[in-house]
Protein chains: 2
Amino acid sequence: MKEQEVITEEQKKIARFAKAMGHPVRVYVLEKLSKQSCCYSGDLSEILPIAKSTLSQHLKELKSAGLIQGETEPPKIRYCLNQQNWDLAKKNFENLFGE
Amino acid sequence: MKEQEVITEEQKKIARFAKAMGHPVRVYVLEKLSKQSCCYSGDLSEILPIAKSTLSQHLKELKSAGLIQGETEPPKIRYCLNQQNWDLAKKNFENLFGE
DNA sequence: ATCTTTGTTCGTTAATTTGCGAACAAAGGT
DNA sequence: ACCTTTGTTCGCAAATTAACGAACAAAGAT
């Protein structure tokens with residue numbers, strides 16, 4: 001045990017992404033977005049068996065991890081992947097798993 | 001909202017793996033094991049700035065997610081990746097991120 | 001000005017997670 | 001028998017997460 005920094009920024013980043021992906025609903029959302037570029041939160045709300053407030057929190061979590069982004073398009077909000085961070089996450093995981 | 005199952009087993013599996021990877025210490029351990037096949041928990045304990053009981057819990061979490069395994073080799077325990085599940089996790093993440 | 005639609009935020013509750021030190025267990029060494 | 005080493009488990013406290021319904025906010029439609 002020591003006080004020096006032994007955990008890299010990349011490892012922290014991976015952990016941050018992984019944590020955000022650590023719930024089935026959030027994986028579902030990410031997978032959907034990776035397949036169809038965008039969707040409205042209402043679409044998800046109709047399909048997923050959770051309260052819309054709960055869904056909203058999951059989306060918030062994905063947003064704060066930087067994996068998705070939402071563009072307001074009244075009265076709806078269109079969600080897409082944050083392509084830049086999605087690519088970064090992909091790269092980070094590839095590094096971890098080794099090609 | 002409905003009652004039918006909309007989330008696949010694979011999505012649940014990804015979430016389970018991701019959750020286990022959702023902490024910097026656990027990412028550190030996984031990365032180390034992916035590079036050097038095996039290590040003793042004591043090696044980790046010397047390097048990581050956390051109590052050994054805390055480390056033990058992180059290892060337990062990785063074990064219960066199926067990502068690592070520990071072979072007792074008294075008085076130490078040798079930890080390795082659970083290669084089968086590691087490969088599965090890799091595949092699952094590749095599917096999610098898309099090649 | 002009011003209504004409708006769409007999401008977010010608030011307040012609460014229950015469950016889980018993180019972290020520590022102390023106590024315990026296993027097993028070889030003295 | 002006892003000591004040492006190595007980890008795990010226990011008991012606890014603090015923080016975070018997950019979930020819900022109710023209340024609120026934004027903005028176009030009537």
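Convention: sequence-line order gives letters A, B, ...; per-chain numbering from 1.
- Taking CD of B:E94 as the reference point, atom CD of A:E94 lies at 7.0 Å (rounded to 0.5 Å).
- Distance, B:I77 CD1 to D:dT5 C1': 12 Å, rounded to whole Å.
- Taking 4.0 angstrom as the limit, A:K52 places none of its side-chain polar atoms (N or O) nearer than this to OP1 or OP2 of D:dC20.
- Residue B:Y28 contributes atom OH, which lies 19 Å from atom P of C:dT18 at whole-angstrom precision.
- Residue side chain A:S56 does not reach the base of C:dG7 through any donor-acceptor N/O pair under 3.5 Å, judged by distance alone.
- Here C:dT17 presents its P atom at 8 Å from CZ of B:R16, a figure rounded to the nearest Å.
- Protein atom OH of A:Y40 is 14 Å distant from nucleotide atom C1' of C:dT5, rounded to whole Å.
- Atom CE of B:M21 and atom P of C:dT17 are 16 Å apart (whole Å).
- Here the options are B:Q83, B:K91, B:Q84, B:K90, the test is side chain to side chain donor-acceptor pair (under 3.5 Å), and the partner is B:D87; only B:Q83 passes.
- Residues of residues 59-66 of chain B having a heavy atom closer than 4.0 Å to DNA chain C: none are found.
- Remark: B:K19 is not in phosphate contact with D:dT17, judged by side-chain N or O atoms under 4.0 Å from OP1 or OP2.
- Between A:R16 and A:E61 there is a salt bridge, since a side-chain N of the basic residue sits under 4.0 Å from a carboxylate O of the acidic one.
- The CD-P distance, from B:E71 to C:dA27, rounds to 16 Å in whole Å.
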Practice task
Would you sort out whether A:L67 and A:L33 count as a side chain to side chain contact (heavy atoms under 4.5 Å, CB included), showing the intermediate values?
Solution key: CA-CA 10 Å; A:L67 290 172; A:L33 289 181; over 6 Å; no
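- Using a cutoff of 4.0 Å between basic side-chain nitrogens and carboxylate oxygens, A:E31 and B:K12 are not scored as salt-bridged.
- Residue A:S41 is in sugar-phosphate contact alone, with no base atom involved, counting any heavy-atom pair closer than 4.0 Å across all strands shown.
- The phosphate of D:dT17 has neither OP1 nor OP2 within less than 4.0 Å of any side-chain N or O from A:H58.
- Residues B:I68 and B:N82 have side chains not in contact (no heavy-atom distance under 4.5 Å, counting atoms from C-beta outward).
- Judged by closest nucleotide on DNA chain C, A:P75 is the one of A:S53 and A:P75 placed further toward the 5' end.
- Listed nucleotides: C:dG7, C:dG19, D:dT8. Nearest to the side chain of B:H23: C:dG19.
- A:I77 and A:I50 fall within the same hydrophobic cluster, defined by Ile, Leu, Val, Met, Phe, Trp and Tyr side-chain heavy atoms under 4.5 Å apart, directly or through other members.
- Taking atom CD of A:E73 as the reference point, atom P of D:dA26 lies 19 Å away to the nearest angstrom.
- Residue B:Y79 places at least one side-chain N or O closer than 4.0 Å to OP1 or OP2 of D:dT8.
- Listed by first then second residue, pairs satisfying ring-ring contact (aromatic ring centres under 6.0 Å, His included) with a partner in residues 52-91 of chain B read A:F97-B:W86, B:H23-B:H58, not counting sequence neighbours.
- The shortest distance between the side-chain N/O atoms of B:T54 and the OP1/OP2 oxygens of C:dT18 is not below 4.0 Å.
- In this model, the phosphate group of C:dG7 is not approached by any side-chain N or O of A:R78 to a distance below 4.0 Å at OP1 or OP2.
- Minimum atom distance to the side chain of A:Q57 is reached by D:dC20, of the listed D:dG7, D:dC20, C:dG19.
- With rounding to whole Å, B:L48 atom CG is found 15 Å from D:dG7 atom C1'.
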